[in-house]
Enquirer: 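Just passing along the structure, written as structure tokens.
Throughout, numbering of the chain's residues begins at 1 and tracks the sequence.
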Amino acid sequence: MPGAAAGLAAAPSPVPGAAASLPDPTSPPVPPPVGSPPPPVAATPPAAPLRRARRTGPPAIFPLVRLAFGQLERTPAVGGWLAERLWFRLPAPPSAAERERRTPPGGEPFETTWAGGVVRGRVYGDWGLPTAYLVHGWGGWWQQLSAHIQPLVDGGMCVVAFDAPSHGGSDAGRFGGRSTTFVEMGEALAAVAADFGRPAVVVAHSAGAMASLLAIDAGLDVEALALLAPPVSVEPIQRLVATSLGVGPRSERVMRERAERRVGLPMQALDLVDLASRQRSLPRLLVVHDRHDREAPLAGAVELVTAWHGARLLVTDRLGHHRVMWHPDVVARVAGFADDAAEEVRRSAR
């Protein structure tokens, strides 16, 4: 594919984080009512000292568990089975009260049936307008992206936010209530889009980026993609899981083989650059990534933007893997990008 050097060269300077005001990096701030004036975007970084983001990868494992995986290296079939089960186990969801507190007022709830069950979400703005979809990441919930709702509605868009299978308020997927796959997440996005119309823009965080590209690969027609902290391949995720658990190389090979059987695809097929290279045409792309993201390395985002003709890259600083979802400067940049996509949709409909 043609390179996108211009997109890289034009990337703006880093956006500083504001960790001092956000005690929990996985939980977004309480949103204002939809329709209220948007908060001003700070022209200068805050003077308060920045706090290091809390690690949000696999939890710290007791030494005894790491020791157990060391012993299981003698029987890699067992070690790989257990590691794969833990890899695909979703973290505990936030409480209903927490989700309610983070839900913007207004909107209408909806349910969509997909091949594996029912997903639930909320739609804001008027139906029939250019439509934006919010796609959370692994173990996430749609309210994490709620900061984007008001700017998108103010820009004349209908905004559809939903929980992926086995997440939040949606039903369990094919693998039970605490597990799913990127493939299922992509299928759910396609089903929701079939109900609400062609996406003018998809705003996706982390694993939601893989789900979105899988949906596009399966035929979903998207005008524009805004990917926040996307993991470009499964390899870094696999290594993070194996290292955290203390999984040995023989067990890790079994873990990967079992994961590929579960997903129904070789892990290489989930590589975003490979997925993009298979498309006859590509949506316009904005990637937002923090240079200190420890869960999805920035190098992957650079590789993706370089391979995706016309793509743009916004590099942030000290926002980590989660705060990049709702920092005001990021939200404003995504809203401007979505405005351009919505205008293109309106032009095409004339």
Side-chain angles (χ1 to χ4, degrees), residues 26 56-61 65 68-69 72 76-96 98-99 111-121 135-144 162-192 204-215 218 230-231 233-247 251-270 295-296 321-322:
T26 68
T56 52
I61 303 298
V65 176
F69 271 105
L72 286 172
V78 178
W81 170 83
L82 180 58
E84 185 259 351
R85 296 274 294 187
L86 292 174
W87 183 4
F88 281 87
R89 183 168 176 79
L90 291 165
S95 67
E98 173 71 3
R99 286 169 51 82
E111 294 185 352
T112 290
T113 301
W114 67 288
V118 175
V119 294
R120 297 178 178 86
V135 183
H136 64 73
W138 185 264
W141 31 301
W142 71 256
Q143 287 90 342
Q144 289 178 310
F162 67 97
D163 289 321
S166 301
H167 288 74
S170 293
D171 287 354
R174 301 181 182 97
F175 300 96
R178 290 290 296 277
S179 187
T180 186
T181 67
F182 301 149
V183 173
E184 283 193 343
M185 294 170 71
E187 290 173 351
L189 170 60
V192 173
H205 174 247
S206 191
M210 285 185 175
S212 300
L213 263 293
L214 285 168
S233 72
V234 176
E235 188 67 30
I237 304 173
Q238 175 189 322
R239 290 302 308 137
L240 178 62
V241 171
T243 301
S244 300
L245 294 172
V247 178
S251 296
E252 185 177 351
R253 283 194 294 271
V254 175
M255 177 183 80
R256 183 184 179 104
E257 291 166 0
R258 291 185 61 88
E260 289 179 336
R261 289 198 294 272
R262 177 189 288 256
V263 173
L265 294 169
M267 290 300 166
Q268 185 60 34
L270 300 176
E295 297 183 42
H321 191 67
H322 288 90

Enquirer: Would Leu270 and Leu265 count as a side-chain contact (heavy atoms from CB on, under 4.5 Å) if you check the C-alpha gap in whole Å, the side-chain angles of each, and the deciding distance to 0.1 Å?
Expert: CA-CA 8 Å; Leu270 300 176; Leu265 294 169; 4.0 Å; yes
Enquirer: In terms of ring plane angle, is the pair His322 and His205 parallel, tilted or perpendicular, where the classes change at 30° and 60°?
Expert: tilted
Enquirer: Counting only N and O atoms by type, is there a donor-acceptor contact under 3.5 Å from the side chain of Arg258 to the main-chain atoms of Glu84?
Expert: no
Enquirer: Does a side-chain heavy-atom distance below 4.5 Å link Leu240 with Pro236?
Expert: no
Enquirer: What are the two closest non-hydrogen atoms of Met255 and Gln238, and how far apart are they?
Expert: CE-CG, 3.7 Å
Enquirer: For salt bridge (charged side-chain N to carboxylate O under 4.0 Å, His left out), just list the numbers for Glu184 and Arg262, CA-CA rounded to whole Å, side-chain angles, deciding distance to a tenth of an Å, and then say yes or no.
Expert: CA-CA 11 Å; Glu184 283 193 343; Arg262 177 189 288 256; over 6 Å; no
Enquirer: So how far is it from Met185 CE to Ser212 OG, rounded to the nearest 0.5 Å?
Expert: 8.5 Å
Enquirer: Side-chain contact, heavy-atom cut-off 4.5 Å: Leu82 with Phe69?
Expert: yes
Enquirer: Please check this pair: side chain of Ser166 against backbone of Ser179, looking for a donor-acceptor N/O pair closer than 3.5 Å.
Expert: yes
Enquirer: Of all the heavy-atom pairs spanning Phe182 and Met210, show the shortest one and how long it is.
Expert: CE1-SD, 3.3 Å
Enquirer: Determine the minimum heavy-atom distance between Trp114 and Pro165, stating which atoms define it.
Expert: CZ2-CG, 3.4 Å
Enquirer: On a heavy-atom basis, which atom in Ala215 and which in Leu189 lie closest, and how many Å separate them?
Expert: CB-CD2, 4.1 Å
Enquirer: Minimum heavy-atom separation for Pro94 and Arg99, please, with both atom names.
Expert: CG-CG, 3.7 Å
Enquirer: Is it true that a side-chain atom of Ser170 and a backbone atom of Asp163 form a donor plus acceptor pair closer than 3.5 Å?
Expert: yes
Enquirer: When you look at Phe88 and Val263, which way does the side-chain contact (heavy atoms from CB on, under 4.5 Å) test go after all the steps?
Expert: CA-CA 10 Å; Phe88 281 87; Val263 173; 4.0 Å; yes
Enquirer: Between the main-chain N or O of Val247 and the side-chain N or O of Glu252, is there a donor-acceptor pair closer than 3.5 Å?
Expert: no
Enquirer: Write down the atom of Thr181, the atom of Phe175, and the distance for their closest heavy-atom approach.
Expert: CG2-CE1, 3.6 Å
Enquirer: Show your working on salt bridge (charged side-chain N to carboxylate O under 4.0 Å, His left out) between Arg256 and Glu260 and close with a plain yes or no.
Expert: CA-CA 6 Å; Arg256 183 184 179 104; Glu260 289 179 336; 3.6 Å; yes
Enquirer: Please check this pair: side chain of Gln144 against backbone of Trp141, looking for a donor-acceptor N/O pair closer than 3.5 Å.
Expert: yes
Enquirer: How far does OG of Ser244 sit from CG of Leu86, to the nearest 0.5 angstrom?
Expert: 11.0 Å
Enquirer: Ignoring hydrogens and angles, state whether a donor on the side chain of Thr180 or His167 is under 3.5 Å from an acceptor on the partner side chain.
Expert: no
Enquirer: Tell me if a side-chain donor or acceptor on Arg120 pairs with a main-chain N or O of Glu111 at a distance below 3.5 Å.
Expert: no
